[in-house]
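A quick write-up on the structure given underneath.
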Amino acid sequence: MKWRNWSLHQRLIVTTFLTLTWITPTLAQTDKPLTRAEVYKLIPSVQLLLHNQTQRPAQRNDVIVPRDAVKTGVSSEAQLFFNDKSLIRVDQKTTFRFDPGYRRFNLPNLIALGEIIPNVENGRALILTPPGSVVTVVETPGSQIRILAADCAIARNNQTPINTQNSPICKPAPKATAVLVAHHQESNTTQVFALTDGDINISDSQDKKTVALKGGQTVAIRNGIVGNPQEFDLPAFYKTISLASGLGPGQEKLLAQESTPVQETLKAIRIETLAALKNQAQRFRGFTRTFLSDALNGTEGDLNPRPGVSVRIINPEVVTGTYYKTSENTAIFYPDNNPNAPKNITVDFDQKTITIDGNTGVSSNAGLSGNNARGSVINANGQITQLEVIGVNGEKPQDNVGYRGTLTTGIRRGR
């Protein structure tokens with residue numbers, strides 16, 4: 001799947017606090033807790049940018065400490081494994097840097113004297129944190145994302161790095177989480193995808209608006225303004241997003257390719273990702289009933305169903321499925337009853353036109369309708385094909401995000 005290039009100028013800050021648990025003997029030979037990660041896996045080309053040193057190709061087991069960075073090229077990936085067993089997968093065309101942090105964390109038999117702040121300067125990263133992790137905060141220029149936030153004050157960027165004697169001691173997160181975060185500089189947009197349920201909250205920089213995400217929900221922060229949560233299709237996500245491999249249904253065999261410590265992390269996270277899949281499926285069953293009722297009654301249909309109104313389509317045949325916007329004006333609809341026969345969509349919400357599977361008809365119309373997006377193609381004989389996409393919350397669907405929807409065919413009312 002193709003994603004847009006992300007900016008080097010806007011920063012995405014993921015607050016990660018590290019402890020000494022599994023690390024290799026070389027790293028363990030110290031009396032002080034360490035704040036570092038190792039390059040666990042890499043797909044060339046990945047560059048290592050050590051602080052005040054010349055850039056060089058990264059190698060497996062390279063140690064990353066504050067003010068160091070990794071930079072991935074086209075079709076590249078780097079995986080970083082932290083002292084607290086957190087795993088961060090850094091996608092292609094991404095620069096991932098660490099800065100000094102501000103807080104301490106009290107962990108079993110250990111007080112972490114320092115935190116580090118991984119700084120995603122461009123691109124996207126998948127943050128995977130097992131129980132006991134101290135990855136709690138993600139910051140962007142206009143937003144703050146709290147992941148199972150710790151029970152002590154969150155440091156702000158204008159604070160000095162921690163004083164190990166006076167900094168508050170925090171507790172680590174009690175359960176596993178998985179969150180994908182991406183930032184697009186050209187539109188100044190951060191997109192957050194929650195893969196697990198739990199305490200995942202997104203707010204603007206001034207805490208004027210905060211939204212909570214469930215597993216299978218996403219939210220965009222544009223120019224510092226937090227949008228509304230939208231549903232995306234988790235099963236489709238795992239089939240198409242390689243960065244999340246090993247977390248979805250039927251992917252447990254992929255874990256055998258990992259080292260034992262990483263397997264332990266992924267197994268703990270899979271418990272939560274699979275639970276989120278079941279919970280979303282229950283929500284979707286409720287949505288599907290609403291979709292079918294709305295299609296049969298000709299109503300708008302959204303997360304807040306309205307009473308039925310007069311029928312617009314006679315003898316409707318309704319198929320549920322998943323909608324993907326693949327570019328500015330193109331999309332694909334995968335029917336649930338026949339996913340191997342996708343429908344190609346060309347839509348222009350600005351011009352309010354749509355083509356469904358190559359058919360433009362004698363007239364067409366597309367637009368945003370309440371929480372949903374809708375497009376219709378009408379043929380000369382009165383046949384109508386209507387596409388409805390759920391949960392876009394008054395905004396154009398995001399690229400490469402699976403949205404639930406319906407495709408309805410029938411005869412236009414009045415024929």
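This one's a predicted model, so the numbers in the text were calculated from it and none came from an experiment.
No option in R60, Q79, E258 other than E258 meets the side chain to side chain donor-acceptor pair (under 3.5 Å) test with Y40.
At a cut-off of 3.5 Å, with distance as the only test, a side-chain donor of S376 or Q386 sits close to an acceptor on the other residue. With no hydrogens or angles considered, no side-chain donor-acceptor pair links T210 and N201 at under 3.5 Å. In this structure, a donor-acceptor pair under 3.5 Å is present between the side chains of T326 and T330. No side-chain N or O of N338 forms a donor-acceptor pair with one of K343 less than 3.5 Å apart.
Ring planes of F193 and F237: tilted class, angle from 30 to 60°.
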**Q.** Verdict with reasoning, T385 to N379, per side-chain contact (heavy atoms from CB on, under 4.5 Å)
**A.** CA-CA 9 Å; T385 303; N379 296 327; 5.5 Å; no

Q.
V192 vs V179, test: side-chain contact (heavy atoms from CB on, under 4.5 Å). Steps then yes/no.
A. CA-CA 7 Å; V192 183; V179 179; 3.6 Å; yes

Q) Would S86 and T129 satisfy side chain to side chain donor-acceptor pair (under 3.5 Å), going step by step from the backbone distance to the final call? A) CA-CA 5 Å; S86 294; T129 61; 5.4 Å; no

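Note that the CG atom of L128 and the CD atom of E272 stand 12.5 Å from one another [nearest 0.5 Å]. Here L180 contributes atom CG and T218 contributes atom OG1; the two are 9.0 Å apart, rounded to the nearest 0.5 Å. Interatomic distance, L247 CG to K267 NZ, rounded to the nearest 0.5 Å: 14.0 Å.
Residues L126 and L195 are in side-chain contact: their nearest non-hydrogen atoms beyond the backbone lie under 4.5 Å apart. Taking the side chain as every heavy atom from C-beta outward, R283 and R404 never approach each other to under 4.5 Å.
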